[in-house]
Structure formats: C-alpha cells, structure tokens
There are 2 protein chains.
Amino acid sequence: MSVTTDIPPPRTTTRERILAVAYDAIIEKGFEATSVEEIATAVGISRAGFFYHFPDKNALARALIDAQVVEEGEMLAGIEARAAELSDDPLQQMLIAMRLMAERYHGMPGGYTGCILASAIFQDRLFDAEVKAANQRSQLAFRARFSGKFAAIAALHPPREAVDPDDMADLLNAVITGGIVVSRAIRDPDVLVRQMLLARVMVKAMYTPG
Amino acid sequence: MSVTTDIPPPRTTTRERILAVAYDAIIEKGFEATSVEEIATAVGISRAGFFYHFPDKNALARALIDAQVVEEGEMLAGIEARAAELSDDPLQQMLIAMRLMAERYHGMPGGYTGCILASAIFQDRLFDAEVKAANQRSQLAFRARFSGKFAAIAALHPPREAVDPDDMADLLNAVITGGIVVSRAIRDPDVLVRQMLLARVMVKAMYTPG
DNA sequence: CCCGAACTTTACCGGAAGTACAGCAATGTC
DNA sequence: GACATTGCTGTACTTCCGGTAAAGTTCGGG
C-alpha cells in the first residue's frame, strides 16, 4: 500500500467552497435572490461547473440544510455538555444552556443560521419535497433534543402550571426562530439575544416556586 | 356638482381582486413562486392588465403588507377592546387577549398571516427598500402596541424578575412569528395555537407571586 | 498511456419580470 | 355628437435565470 498519510490538497475543496459561498450569499440576500452564476463566479468556476457538483439548485439547498443541521446539533451538544459540567440540576443546566445560546448569538452580525430553513417554509414551491422533509426533520430533532430536558426539569421542579415538554421545546425553537425574524425585520441584531435572555428568565420563573 | 351619491359599480374591484388572489397564492406557494401571469389569469385579466394596476411586483408586495398591517391592527384592537370589557386588570386583559389570539389562530388551516412579511425578510434582495421599511414599521408598531400593556402590568403586578416591556412585546411577536414558522415546518397547525397558550401560561407565571 | 475527475466553452430552451405601445370599449363630460 | 379618460387587451421585445446538452481541456494516478 502506498503511504496515504500525506494529506492530498484539502479534500472536496470546490464543493465545500460552493457551500460556503452560497451560505454567505443566501444569508445576506436570500435563496432565490442568489443566482447560480453569482455563486460560481465567486467560487471561481463556471456555471456549468456548479451543475457538475449539484444537479440543481434544490440540491444545494438540501446540502446547506444538512450541513446546518449537523452544525447546529454539534453546537447544541457542546452547550449541553458544558452545562452538564457546570451543574447537576436539569433546570440549572437549561438556564446555563440558554445563556450560552444567547452568548453564541451575540457575535453574529446579521449572519444567523436558519435562514434557508425559514426561507424554504415561506417559499414552498421553490423547494422540492426532499428539502421540506429535511426541514421538518430538523425541527423535530430540535423538539426531541429539548423535550426530554424539560421533562426532567418538571420532575424535579414542578412547574407553576402543568405544561407539555414538547410544547416547551417548540416554544424555545419558536423564540429563536421568531427572534431571528424580528431581529432582521427591525434591523437590530440585539433583539435575538435579548429574546433568548428573556425566555431564560421566564423559564426560571415557570419552574421556581414563589 | 353632479350627484355622486350613487355608488358606481363597487369601486376598485379589479385591484382588490388582484390583492385577494395574490394573497391566497402567496400564502400557499410563496411570493417568488407566484407569477404575475398566474395572478392575472386567476383574476381574469391579462398580464399587461396587472401592470396597469401595479408598476411592478414589489408594489403588489407593498400593498399586501399595508393591507395586512391594517387588518392585523384591527384584529388586535378588537381583541384588546374585548379584553378590556372583560377585565379591568391589565394582566387579566393580557391573558384574555392571548387566549383570544390563540383562538383566532385556531381556525386557520395553513393560511397564516405574516407570510409575506417573513418572506420579505429572508428574501432580502427580492424586495425594495420600501417593502422592507413597511415591514420594519409593522414590527415596531407591534412592539409599541404591547410595550405599554406590559409596562402597565408590571406596575400592578411586579414581575418575579425585572424585564423590559419592549422585550416582552418583542417576545410575544417572536412567539407568534416563530410559531408560524415551526407550525409550517412541522406541518402541524396546532403548534402555533399551543405556543400561544403556553406563552400565556408563562406570562401568568411571570407576573403572579408564588 | 489511457482513464476518469473536474472542470470550461458554447449553445440552446423555457419561464418570468418588466417595457413599450397601439388599440378598443365603456363611461362619462362638454 | 364629439371627445377624453379609465381600464383594460394584445403583441412584441429585452433581460435574467434555471436547467440541459455536448464537446473539449487539464491533470494526476494506476
């Protein structure tokens, strides 16, 4: 066998560069407003070169969503792990995690995640069934991830009023997503951070006795 | 002067029919995915006829946003008025209003408001500055509407932790908007209603002592 | 030396936005 | 009864974009 230890020039460069360039452009301008030509030019290839890597634009959307789901999953896993290090109590873990999430959102000047996802929702017909399915999976994954946490919290800290842990998870999701929308609409990136922190306070209020 | 009292055949029919048809189509498929031709055909006019009423597609978006801002404003005003009838306490009014809003969202199978607004945010470049400005105004109007309410609530019912009334208003906005996004993504219209009700419970927990 | 991967170039199709303009029918107005 | 305005229709054209097709190029590896 030949020695394969030396790394051949960074694998899959072009495809990944397309993804990176497309991601930035889409965050800034939206999916539909970003043309294939523009992406190709920015990457330094021809339009046909783009279609060599992706059968169509929807395939790009799918790849972007998949990549983001992985990235978001890793980020949340990292935050959860850190929170678990800092406290044994599930409520405290959640509050720590929410603060960490708020901090994470802080340094993102306009470049929020989830835009392609949200975009796909409001531009239904522009995306094929696979894209929408990927989208749905990612939302349900978020619910699954946090539902258990909220159930664990409720077991130790009876809430002031009974709530469904799935709904709590969805609310967290909605606050983040809605926070992004409102932030962008008002053109004030801080809104998202403040939403996150406010949601944290409300979760605390919900699960702590007077 | 001529007698102008007799109403000439219902004024602005065609323009309004365009708006109605476009609204439905955009809710279902998205703004970009809805072609001018399609709208014109559905209305029963030619493509050129459409451009007689609107200089371009952006003008349609603007008109739609304006119409929706008015409609939403009236709906919220109605709900607030009803809540004020039912209770003198600002907290109770808010809780009543949130329940009424949840009920309002209940009978809407997929056809949620705000889609054009949200769509505009994620498809930045497809819309001109006027559309985005209209959007921003509508979000700030929402904040202004509810900020005062939350301030009044806090004055009578000290919250368990100090919160900014503007942030509370934005949170409500974010829950609704995010709820729409999540609902659509998961393909479960009930999510939005449950979010609203859950947010209500959390507001209650926030402003009532143990 | 040839193969396949990763492209390029060129050319083309169809759909959609937007422009321009000529014309036409109905509804008033003078 | 002539005339003008409103609210369109129809046609033709431009530009941009996604997508397809196909032939050619470059280059590294077996």
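Order of the sequence lines fixes the chain letters, A, B, ..., with proteins taken first and strands second; residue numbering starts at 1 for each chain.
Listed by chain and number, the residues in a ring pair (Phe, Tyr, Trp, His ring centres under 6.0 Å) with Phe142(A) are Phe146(A) (sequence neighbours excluded). Applying the salt bridge (Lys or Arg N to Asp or Glu O under 4.0 Å) criterion to Glu161(A), with sequence neighbours excluded, gives Lys204(B). Applying the side-chain contact (heavy atoms from CB on, under 4.5 Å) rule to Arg145(B) yields the partners Leu76(B), Ala77(B), Glu80(B); only residues at least two apart in sequence or on another chain are considered.
One atom, CD1 of Ile45(B), and another, P of dG10(D), lie 12 Å apart when rounded to the nearest Å. Going from atom CZ of Phe54(B) over to atom C1' of dC8(D) covers 15 Å, rounded to whole Å.
Within the structure, every pair that satisfies the salt bridge (charged side-chain N to carboxylate O under 4.0 Å, His left out) test and touches residues 162-180 of chain A, not counting sequence neighbours, is listed here: Arg143(A)-Asp170(A), Asp167(A)-Arg194(B).
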Q.
I need a per-nucleotide contact map over nucleotides 15-29 of chain D, read 5' to 3'. Cutoff is protein heavy atoms under 4.0 Å; write B for the base, S for backbone only, - otherwise.
A. ---BBB---------
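Taking only side-chain nitrogens and oxygens, His53(B) comes nearer than 4.0 Å to OP1 or OP2 of dC8(D). Side-chain N/O atoms of Thr14(A) include none lying less than 4.0 angstrom from OP1 or OP2 on dA6(C). The phosphate of dG7(D) has OP1 or OP2 within less than 4.0 Å of a side-chain N or O from Tyr52(B).
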Can you give each donor-acceptor pair under 3.5 Å made by side-chain atoms of residues 40-55 of chain B, sequence neighbours left out, with the distance rounded to 0.1 Å?
| residue | atom | partner | partner atom | Å |
| --- | --- | --- | --- | --- |
| Thr41(B) | OG1 | Glu37(B) | O | 2.8 |
| Ser46(B) | OG | Gly49(B) | N | 3.1 |

Q.
Evaluate Met98(B) against Met94(B) for side-chain contact (heavy atoms from CB on, under 4.5 Å), listing each step before the verdict.
A. CA-CA 6 Å; Met98(B) 288 180 82; Met94(B) 179 63 72; 4.1 Å; yes
